[in-house]
Amino acid sequence: MQSKELIFLKPDAIEGKLVGKIIARFEEAGFKIVRMKKNLISKELALLLYPDSKEQLTGMGNKTLTAMSQKGGMEMVTKLFNTTDPFEIGKQLNEWNRKYASSTEVIACILEGEDAANRARALIGKTDPAIADKGTIRGDFSKDSIYMGNMERRACRNLVHASDAERAPVEIGYFEKYFF
Ligand code: ADP
Ligand code: MG
C-alpha cells in the first residue's frame, strides 16, 4: 500500500555534500518526493521530534551499551553517563539529539511510496554507522559511530532521520506545522 514517510537530511549530510547521493538512493528505490525544504528545526519542533518516551530512550540507551561492549566497556559508560541504566543514558542522548537536530539547517522531505516507512528505514540502515550494512546510506556514507559520538558527548552523526512506521503520520503533522 502507498504511504508517506518523513525523512530529513541531518547537518552532517549537508556539510559532507552528500545531499544528492542520499536523495538519489530514495528516488532509485521508487520513492516520489512530495515536499522538500531546507530550514532550521526549532527548539519546539526538536522537543516534539525527540520526546522522552521510555521505550525510545531505553532503545537508544541500549545502543550505547551495545557499542560500548565492543569498545570502551562498562567503565567507560559509567564515566560518560554516570549510570549504566539504558533509560537514564537515553535521557542524556535525547538532549544531544535535540541540540544536534536544531544546530544548523536540515533538508526535510515527505516521501511517498509502497510501505514507505519500512522501506525508507531499510534504505538508511542501522542507527550506528559502524555496524550498518554496506549498501545502506549510513553504511556507505557515514564515517561516524555511536562510540565516537559518545566519547565526544554528542549525537551520532548518521546523516538521515526516517520516521518509524507508527510515528510517520505524527512526525509529518509536526513538520507540516513547524517546518514546511
Ligand atoms: P534511528 O535514527 O535509527 O531511528 P533512534 O531513533 O534510536 O535511531 O535514535 C535517534 C537518533 O539519535 C539516531 O539517529 C542517532 O543520531 C542518535 N542516537 C541514538 N542512539 C544513540 C547513541 N547511543 N549514542 C549517540 N547517538 C545516538
Ligand atoms: Mg528513530
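Whatever order the structure lists ligands and atoms in, that order sets their numbers, starting from 1. Residue numbers run from 1 in the order of the sequence given.
- By the side chain to side chain donor-acceptor pair (under 3.5 Å) test, R154 is found to be paired with D144, E152, residues two or more places apart in sequence or in another chain being considered.
- Side-chain atoms of N62 come within 3.5 Å of backbone N or O of T58 as a donor-acceptor pair.
- Closest of all the heavy-atom pairs between A120 and F26 is CB-CE2, 3.9 Å.
- Geometrically, K177 does not engage F179 in a cation-pi contact, judged by NZ or CZ lying under 6.0 Å from the ring centre and within 45° of the ring axis.
- For D128 and K63, the salt-bridge test fails: no basic side-chain N is under 4.0 Å from an acidic carboxylate O.
- The minimum heavy-atom distance between K10 and V106, with the atom names listed, is CA-CG1, 4.2 Å.
- Within 4.0 Å of ligand 1, contacts by protein heavy atoms are made from K10, Q56, M60, K63, T64, L93, N97, R121, T127, R138, I146, N150, A155, C156, N158.
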